[in-house]
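Following: one structure in structure tokens, then a few remarks.
Scope of the values below: all heavy atoms of this structure, side chains included, with no hydrogens, waters or symmetry mates. The sequence lines fix the lettering, A, B, ..., with proteins before strands; numbering per chain opens at 1.
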2 protein chains.
Amino acid sequence: MAKRTPSAQELHRRAVATYVAAGGEESVQRVITAVQGLTKKLDQWYARQLTDLDVSSGEWAVVTSLAKAGEALTPSQLAELTNVAPSSMTHRLDKLAERGLVERAADPDNRTRILVSLTEAGWGLFSQAIRDSDVVESDVLQDLGDDERAELARLLEVVIARLDDIDA
Amino acid sequence: MAKRTPSAQELHRRAVATYVAAGGEESVQRVITAVQGLTKKLDQWYARQLTDLDVSSGEWAVVTSLAKAGEALTPSQLAELTNVAPSSMTHRLDKLAERGLVERAADPDNRTRILVSLTEAGWGLFSQAIRDSDVVESDVLQDLGDDERAELARLLEVVIARLDDIDA
DNA sequence: TGCTAATATTTCGATATCGAATAGTTCGTG
DNA sequence: CACGAACTATTCGATATCGAAATATTAGCA
């Protein structure tokens, strides 16, 4: 390798500069680029954790979607939530069901639908992974005080509140 | 569909509650969940734009990586930067080269390496897509004033500066 | 120099994903 | 009530991705 791997900070600065040079607005690009860079790094970390648990990131997406929904979901809903084609969900659910992490049940109200829910084992996997990743995430936010974290969360939540109005 | 699709805000609240119930720390989960939710929504939007340009998200990742690097990169580096196996990069580069967006050249200093760079057309695609997406991104940050954007960027950049110290 | 280990890309077989087509069910409306 | 449109999950063929092995080159070291 000719040069050392640049720091995340350096990569961020360069990325923003590149986007601004290409015609982006700086105040926008600083935020968006930072958000994406952070997610990317987190994803890399999660990938390692999930490898240890022998779960693919797509399978993990299904588990978290079910956990967050708090109720059974259909394959179509899961496909939508996890950004995947409905036809791909069939096989994913086959594998997850085979491992005993989710279960399929017929919807009593609509025979074209199938309701997928987490099993006990699925919930166990979820809780374990969340507790593990919380450790890393706390490290990531280590340099921010309680008030700064709250302010960061507040600003992000303002942005999130706007999301629905956009692609409508 | 039995129930209406919940708002992004509502999804965020539920997700945080779920993670906290599973053992995560609230001040951490509010931030991390918001960052991930935002990225997910942005990714959905980019996917649509890229479909219009007939570029897959993986191919786009290659183009942006090259643009941000500002210099030619090897297939291995691109695989690392885009979170993909090196063997997958071979075919991706084949397709991109076939479309005239990137070009491969032998590294004069090391015959095992290949240097990939953006062509004129590749740069054109990049600039076009950035200008397009900047429009959406500006909308997303619409509810934040200049000072709030700067504060949000600052806080995120503090977090990013810490990333390298973690998985080391 | 000569030999081994490390690096970089590609090939190959297995698996995952996609988009289109299929089959079954429900909904709306005449 | 009947019929067509819309919805839901699945199957199927084509393509993308993965991990391991193969190939070629470079780097380190005695």
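Residues A/Glu26 and A/Arg30 are not paired through a salt bridge, judged by the lack of any N-O separation under 4.0 Å between the basic side chain and the carboxylate. A salt bridge links B/Glu10 with B/Arg13: the distance from a Lys NZ or Arg NE/NH1/NH2 to an Asp or Glu carboxylate oxygen falls below 4.0 Å.
When side chains are defined from C-beta on, B/Ser133 counts as touching B/Tyr46, because their heavy atoms get closer than 4.5 Å. Residues B/Arg92 and B/Val84 have side chains in contact (heavy-atom distance under 4.5 Å, counting atoms from C-beta outward). Side-chain contact check for A/Trp123 versus A/Glu120: every heavy-atom pair is 4.5 Å or farther apart.
A straight line from CG of B/Asp107 to P of C/dA8 spans 11 Å, rounded to a whole angstrom. In this entry the distance linking CG of B/Leu96 with P of D/dA16 reads 11 Å, nearest Å. Rounded to an integer number of Å, the gap from CD of A/Glu98 to P of C/dT15 is 12 Å. B/Glu59 has its CD atom 12 Å from the C1' atom of D/dT15, to the nearest Å. A/Asn110 has its CG atom 8 Å from the C1' atom of D/dC7, to the nearest Å. Look at CG on B/Leu93: it is 12 Å from P on C/dT11, rounded to the nearest Å. Between A/Ile114 atom CD1 and D/dA9 atom C1' the separation is 6 Å, expressed in whole Å. Taking atom CG on B/Leu73 and atom C1' on C/dA8, their separation rounds to 14 Å, with Å as the unit.
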Between the protein and nucleotides 17-22 of chain C, list the N/O to N/O atom pairs that are separated by less than 3.5 angstrom.
{"unit_1": "C/dT17", "atom_1": "OP1", "unit_2": "A/Arg92", "atom_2": "NH1", "d": "2.9"}
{"unit_1": "C/dC18", "atom_1": "OP2", "unit_2": "A/Ala85", "atom_2": "N", "d": "2.7"}
{"unit_1": "C/dC18", "atom_1": "OP2", "unit_2": "A/Ser88", "atom_2": "OG", "d": "2.6"}
{"unit_1": "C/dG19", "atom_1": "N7", "unit_2": "A/Ser87", "atom_2": "OG", "d": "3.3"}
{"unit_1": "C/dG19", "atom_1": "O6", "unit_2": "A/Ser87", "atom_2": "OG", "d": "2.9"}

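To the nearest 0.5 Å, the span separating CG on B/Leu155 from CZ on A/Arg154 amounts to 10.5 Å. A distance of 5.5 Å separates CG of A/Leu156 from CG of B/Leu152, quoted to the nearest 0.5 Å.
Residue A/Thr112 places no side-chain N or O under 4.0 Å from the OP1 or OP2 atom of D/dT8. The phosphate of C/dT10 has neither OP1 nor OP2 within less than 4.0 Å of any side-chain N or O from B/Arg113. Not one side-chain nitrogen or oxygen of A/Lys95 sits closer than 4.0 Å to the OP1 or OP2 atom of C/dT15.
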